[in-house]
Amino acid sequence: MPFMCFPKNETLFLNRRLFFEENEIAVKVPSLFMLLIKEVLNPFYVFQLFSVILWSAEDYYYYATAIVIMSVISIATSLYTIKKQYVMLHDMVASHSVVRVSVCRGGKDIQEAMSTELVPGDVVIIPANGIIMPCDAVLIQGTCIVNESMLTGESIPVTKTSLPSVGAEAASSYDIEEHKRHTLFCGTHVIQTRFYTGELVKAVVVRTGFSTEKGQLVCSILYPKPTDFKLYRDAYLFLLCLVGVSLDIITITVPPALPAAMTAGIVYAQRRLKRVGIFCISPQRINVCGQLNLVCFDKTGTLTEDGLDLWGIQRAKDGSFSPPESDPAKDSLVNSGFVACMATCHSLTRIDGELSGDPLDLKMFSATGWVRSSDQCLQACMLSHSQLVLELRGTAFIVLAEAIGVVRQFPFSSALQRMSVVVRRLGDKHMQAYLKGAPEMVASLCKQHTVPLSFAETMETYTRKGFRVIALAHLYHLDLIETNMEFLGLIVMQNKIKQETAGVLHELRQANIRTLMVTGDNMLTAISVARDCGMVLAFEKVIIADAAPPKDLQPASITWQYTENPTETVKDKGMCNEQQPPQEQSYHFAMSGRAFAVITEYFPQLIPKLALRGTVFGRMAPDQKTQLVEILQSIDYTVGMCGDGANDCGALKRAHSGISLSELEASVASPFTSSTSNISCVPILIREGRAALITSFCVFKFMALYSIIQYLSVTLLYSILSNLGDFQFLFIDIAIILIIAFTMSLNPAWKELVRRCPPSSLISGPLLFSVLTQILTCLVFQVLAFLLVQQQSWYEIWTPHACNISGSSLPLSPNVTTPHNHKNIKNYENTTLFYVSSFQYLAVAIVFSKGKPFRQPSYKNCKTYPILFLEVNPVLLLLHEVDENRVRSPRCSASPQIVCVPHDWRITLVIIVIVNVAVSFMLEVHIAPYKFPDTALHCLNQKTDLHALTPPPP
């Protein structure tokens, strides 16, 4: 047994208790006060507080009050959402986290204790009726059936066996990664235990609290890896550039509704995704989805159907294969060793009267015609025949007069690519071993003379057709299992491609989004599936990159072979020629997990180059999938990962956008979860991500222009010692800006996935040029209106005045001020700029509301019509008709802080606004359009030379 530490006395236990503290994953829900402090200390709200104080000092009470109300609503909404997330996480962790357990310390008798008192080294007793594990523990006695869906997303119960007590593995130190199949992880549900009569199932605690697997998952949720997205970095830089020299102007250049407006597009996109069955726990990742240019797919359960159909079997006999047979349950085969291996070498278990386990095992077992009885405890196999029959009645696999008892099971390991069982036939004195797994691995463990000479050829025939092949082996006399075995033959399973797969991959390919397959299945099978589903086209060649580690003083080596003709070795020449058309130089690399490991270790300089052209990665371990995602990210790909959540959790978490097709608890580690078990969710998510991303750009540009337009108006009015009034600020910020900002986000995604992708940075030439041209346009027309109004014959320098009760106007001296207009708000320049700027807000909103190719145009969104009407109508009402006799002697207007202007000047303002809108539209569409680039597809755009891929000579 691997080396373990046990507490020897009570003092040692107390010392460990002090060192490791309580075994508890405590997710404390912060008080509202603490959350409020954290939220209010946000730089934006600190700035808002500064602005409110400044506005109040200058008597802008209404505007300051409105901003306070908006900020309070925003903070309250944020606090509610954060509090709700903390409560949900606390409830998820707290359930079953504190239980009573039976524990043995220092060799003393078993005693009851709370799970919070457990420390590493304690020996816990796993009850027969199961338990939700409160810690990470390694089995030292007995076997457990465990549901690990909370951690891995795997809905299939797995079998955990005790640590080996003999052999090389027993002599090694315990490693939680190496001995996963013997470890019970915190949060997983032990469904059943299996044990010998009179013995208890025991496990040694190895990790507690936040050090456990569950604790680390909770930590990743509490402290997620920050999304490094250029949009948000550029947004802060852009805002810094808007700050002016005056305190008033500084408060104007940062709009109060900016945070809410920026997240509106994401919120609407999240709602649309929810309506189509895609759930999101990290809304900020929606924008990242808009930049995806590569998507990795798992094969089984993702691209292909979950279930496998048994196509047939091919037995080995006397060093050759017999003809394929379709029914292993026929009389001539049912009692054979081949069928006995199919009936016993699996991890099926009976739960509530139903067989449960891997779908592949279920298909294999049901094809044998054997019956599995209910699970009971095992007795040692040294009993007499009569006793053995009685004790093994519960675990025997019975067919007619034949019965086999499973004595020991070694569950399937993806790292070892095999599983094995030790069995004993009733009435037989000797124990036997059966093994199944990857054909290459099984063949390497068998006597060579029992492996048919046509093994490689037969394997290649099946895998090229897309079949999944499993090999079986048998050992009659036990010495060392999994060595010198007899090769029994092959089980051929058919895995059908899902109906939606080909269409989705074609859509992604048309959009120039690269796709690749990362699977634990056979590489040739994966290549066949890649061709069948359109990931690799018919005219494209596939080159297998195979690598061998150093052996017998020979250095590591790499070979390149075409799959179409394995005997043909790729020559040492350039794979691409710029003079040839793309279809003649298109090729893909394929490699196995073994080759990937060798190249990563001995030829790391080749990995980025192979990643540029690699499309099929077979026999990849879960950690290798994660490693591949990191490599792709290192060469500037924005990577998406789509998997069924079984062995893909690491890659799903590490990718920029992970999409889980499993709705189990493990999907909490994936940003997105689809309720439909096919990949049709991928293009939907990318389209919505692009729409949300372009919406964020449009809203940010609009909010920036809004600040600049208001800045220009205020600056011009400052030149005549005037300013916009409180009610004017309120009308602009609430009646115009806030409604427009949310209206711009209502446009749904475009119905097609186009080849172009939206920009990822605000600091880019075309975008900055677009903003600058609109700023100059607004400046020109505001200055034009400001100067023109001063040239009118009826214009006079407006002086403050008061309106008496009778309605008469009493002219005052220009130097006289009154309480009603002491800041000189009501004047011709103010009214003119207010009219012009109000329409400028609407103009830039329309100009920046991009439609095709990423969003539906605004005119197709019926929700925008009433809102736009409400937007235009108040401004039109401000241009109300007045009695011409009142123009020469202007008096207080019915509209607050607005003065009356002649009808001709109103017509002039309308003309100025129309020309302004036309110029803004033409500049945005014809002079400063953003040329959206094609989605990055390095494998088609970069020339790869095999000279660069060939390893250097030793």
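Numbers here are sequence positions counted from 1.
- A distance-only check finds a donor-acceptor pair linking the side chain of T450 to the backbone of K447 [under 3.5 Å].
- Taking CD1 of I470 as the start and CE of M364 as the end, the distance is 5.5 Å to the nearest 0.5 Å.
- In plain terms, the two heavy atoms of P608 and P604 that are nearest each other are CD-O, 3.5 Å.
- In summary, E540 and R509 engage in a salt bridge, as defined by a charged side-chain N under 4.0 Å from a carboxylate O.
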As a quick check of understanding, evaluate salt bridge (Lys or Arg N to Asp or Glu O under 4.0 Å) for E213 and K180, giving each step before the final call.
CA-CA 11 Å; E213 201 78 9; K180 267 188 175 181; 5.2 Å; no
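- Residues M493 and F467 form no side-chain contact, since every pair of their non-hydrogen atoms from C-beta on lies 4.5 Å or further apart.
- Nearest approach of A526 to T519, heavy atoms of both residues: CB-CG2, 3.7 Å.
- In this structure Q314 satisfies the side chain to side chain contact (heavy atoms under 4.5 Å, CB included) test together with F321, P324, T458, Y462, sequence neighbours excluded.
- Remark: D361 pairs with K436 by the salt bridge (charged side-chain N to carboxylate O under 4.0 Å, His left out) rule, at least two apart or across chains.
- Between the CZ atom in F297 and the OG1 atom in T304 there is a gap of 12.5 Å [rounded to 0.5 Å].
- Listed by chain and residue number, N678 satisfy the side chain to side chain donor-acceptor pair (under 3.5 Å) test with S680 (two or more places apart in sequence, or in another chain).
- In this structure, the side chain of Q624 engages the main chain of G593 through a donor-acceptor pair within 3.5 Å.
- The backbone N or O of C533 sits nowhere less than 3.5 Å from a side-chain atom of T501 that would complete a donor-acceptor pair.
- Of the residues V295, L505, L508, the one that meets the side-chain contact (heavy atoms from CB on, under 4.5 Å) test with I679 is L505.
- Taking CG of L310 as the reference point, atom NZ of K363 lies at 9.0 Å (rounded to 0.5 Å).
- Contact annotation: the side chain of E688 never approaches that of C289 to less than 4.5 Å [non-hydrogen atoms, C-beta and beyond].
- Between the CG atom of L472 and the CG atom of L490 there is a distance of 8.0 Å, given to the nearest 0.5 Å.
- Annotation: ring-ring contact (aromatic ring centres under 6.0 Å, His included) contacts involving residues 481-526, sequence neighbours excluded, comprise F455-F487.
- Side-chain contact between R756 and P853 is present, with heavy atoms from C-beta onward closer than 4.5 Å.
- Here the side chains of E507 and R687 are in contact, with some heavy-atom distance below 4.5 Å.
- Formation of a donor-acceptor pair under 3.5 Å by the K498 side chain with backbone atoms of S677 is found in this model.
- Residues forming a ring-ring contact (aromatic ring centres under 6.0 Å, His included) with Y434 (at least two apart in sequence, or on another chain): H474.
- Within the model, atoms NZ of K551 and OG of S557 stand 11.5 Å from one another, a figure rounded to the nearest 0.5 Å.
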Using the side-chain contact (heavy atoms from CB on, under 4.5 Å) rule, take N293 and I513 through it: C-alpha gap first, then chi angles, then the decisive distance, then the call.
CA-CA 5 Å; N293 50 28; I513 295 175; 5.6 Å; no
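- With hydrogens and angles disregarded, no donor-acceptor distance shorter than 3.5 Å links the side chain of H588 to the backbone of G614.
- Side chain of S454 to main chain of E457: no donor-acceptor pair is present (N/O by atom type, distance under 3.5 Å, no hydrogens or angles).
- A donor-acceptor contact shorter than 3.5 Å is absent between the side chain of S420 and the backbone of F410.
- With hydrogens and angles ignored, the 3.5 Å screen pairs no side-chain donor or acceptor of S657 with any backbone N or O of G640.
- Pairing each heavy atom of I631 with each of I607, the nearest pair is CD1-CG2, 3.3 Å.
- The two residues E486 and C446 have their closest heavy-atom pair at C-SG, 4.1 Å.
- At most 12 heavy atoms of other shown residues, nucleotides or ligands fall within 6.0 angstrom of atom CG in L453.
- Two residues are said to be in side-chain contact when any heavy atoms from C-beta on lie closer than 4.5 Å; L610 and I599 meet this criterion.
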Going through the checks in order, is the side-chain contact (heavy atoms from CB on, under 4.5 Å) test met by L273 and I684?
CA-CA 8 Å; L273 288 173; I684 295 174; 4.3 Å; yes
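- Residues D298 and V518 form no side-chain contact, since every pair of their non-hydrogen atoms from C-beta on lies 4.5 Å or further apart.
- Here the OG atom belonging to S674 is positioned 8.5 Å from the CD1 atom belonging to I659, to the nearest 0.5 angstrom.
- One N or O on the side chain of R531 and one on the backbone of L537 form a donor-acceptor pair closer than 3.5 Å.
- A salt bridge is defined here as a Lys NZ or Arg NE, NH1 or NH2 lying under 4.0 Å from an Asp or Glu carboxylate O, and E440 with R594 fails to meet this definition.
- For the residue pair M535 and T615, the shortest heavy atom distance occurs at CG-CG2, 3.8 Å.
- The shortest distance between side-chain heavy atoms of C296 and V639 falls below 4.5 Å.
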Show the numbers, then the answer: is there a side-chain contact (heavy atoms from CB on, under 4.5 Å) between V469 and T525?
CA-CA 9 Å; V469 184; T525 301; 5.6 Å; no
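- Among residues two or more places apart in sequence or in another chain, the side chain to side chain contact (heavy atoms under 4.5 Å, CB included) test is passed with A456 by none.
- In this structure, the side chain of R690 engages the main chain of V754 through a donor-acceptor pair within 3.5 Å.
- Between F617 and F596, the ring planes are perpendicular. Angles over 60° get that label, and only those under 30° would be called parallel.
- Residues L435 and M419 have side chains not in contact (no heavy-atom distance under 4.5 Å, counting atoms from C-beta outward).
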May I have the step-by-step check of side-chain contact (heavy atoms from CB on, under 4.5 Å) for T638 and L294, ending in yes or no?
CA-CA 6 Å; T638 305; L294 184 148; over 6 Å; no
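- Residues A590 and V542 share a closest heavy-atom pair of CB-CG1, 3.8 Å.
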